[in-house]
Protein chains: 2
Amino acid sequence: MALEIRPSQALKLWRQVHLDLVKDSDADLSARQTAILLTIYLELPPHTVRGLAQQLGVTKPVITRALDTMGKLGLVTRRRDEFDKRNVVIQRTVAGALAVERLADLIVQRSRELGPG
Amino acid sequence: MALEIRPSQALKLWRQVHLDLVKDSDADLSARQTAILLTIYLELPPHTVRGLAQQLGVTKPVITRALDTMGKLGLVTRRRDEFDKRNVVIQRTVAGALAVERLADLIVQRSRELGPG
DNA sequence: CCCGATCGTTACGGACCCGTATCATTATCG
DNA sequence: CGATAATGATACGGGTCCGTAACGATCGGG
């Protein structure tokens, strides 16, 4: 069931999707922000600042700032954990789910256009 | 011959590779830099600042700065075009080729680990 | 009840990147 | 030649991000 992709195909796909992302300037997320966003939307909740920081191997302020930025874009929301008010629970949004879906479609679309090379 | 990948697989692959890139902090390239680097190494030379700017849909200073940064990292080199000294020809380097190769291997490796999901 | 531990956030100084505008250099054409 | 065009680099003001360090709020064990 493993995906069969050759190195040259992988690079072409990577380049083309990045070109698309750069041209659709609205989705100007860094590599870290991308990893954070996809972790939130692919991994099981709940997600906390500390948990994300550990998964990414970065410091907590990096997560806080990324959440600030993505919050402005409407991609995620934060809510205080009522049972432990020190914690903050990161929540998904409709806009974020749509953005992730669009990214998936973009990758799928571009992968379909790959030649045998 | 088209690559068959499902949206959920595409997202898992995208997330995992980005996680790897973030943790291997040395390769801290932005989306634009990634697009530029892969364009230089996948498309036929010669590459110029203006040409890259057009392909990416960005302004020339973006390319100049990206080449500065990638030059410091040893990923590319610049050389004056002897036949038209206004032009600068961007050249590949061994280190850059190796970095691109490692990226390709990373994507291939992570794609092999994808489940049917 | 209080003190330490833990959580997320913020302050700070420094670095990078952006787009616009401008510049020096070089080529081209009248 | 001289004027115009084109190329890449640079200056600038503004924004974002980084890691370290410190902070307030909250929990929990003694």
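Letters A, B, ... mirror the listed sequences (proteins, then strands); counts begin at 1.
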Between A:Arg79 (CZ) and C:dG8 (P), how many Å, whole number?
-> 13 Å

Distance check: side-chain N/O of A:Arg65 vs OP1/OP2 of D:dC18, anything under 4.0 Å?
-> yes

D:dG19 phosphate, OP1 or OP2, under 4.0 Å from A:Thr59 side-chain N/O = yes

With sugar-phosphate meaning primed atoms plus P, OP1 and OP2, does B:Arg50 contact a base, only sugar-phosphate, or nothing at under 4.0 Å between heavy atoms?
-> sugar-phosphate

Atom CG of B:Leu67 and atom C1' of D:dG8 are separated, to the nearest Å, by 10 Å

Take A:Val58 and A:Arg86, find for each the nucleotide of DNA chain D with the closest heavy atom, and name the residue whose nucleotide sits nearer the 5' end.
-> A:Val58

Which one, C:dG8, C:dG19, D:dA9, comes nearest to the side chain of A:Thr48?
-> C:dG8

Quick one: B:Glu82 CD to C:dT26 C1', roughly how many Å, whole number?
-> 13 Å

Just to confirm, is there a sub-4.0 Å distance from OP1 or OP2 of C:dC16 to any side-chain nitrogen or oxygen of B:Gln33?
-> no

Under 4.0 Å: is that the gap between some side-chain N or O of B:Arg32 and OP1 or OP2 of C:dG19?
-> yes

Does OP1 or OP2 of C:dC17 have a side-chain N or O of B:Thr69 closer than 4.0 Å?
-> yes

Describe the nucleic acid contact of A:Val62 in one word from base, sugar-phosphate, nothing, applying a heavy-atom distance below 4.0 Å.
-> sugar-phosphate

For the residue pair A:Trp14 and B:Trp14, categorise the inter-ring angle as parallel (less than 30°), tilted (30 to 60°) or perpendicular (more than 60°).
-> tilted

Reckon A:Lys60 touches a base, only the sugar-phosphate, or nothing at all at heavy-atom distances under 4.0 Å?
-> base

What nucleic acid atoms does B:Ser30 come within less than 4.0 Å of, heavy atoms only: base, sugar-phosphate, or nothing?
-> nothing

Non-hydrogen side-chain atoms of B:Val89 and B:His47 separated by less than 4.5 Å | no

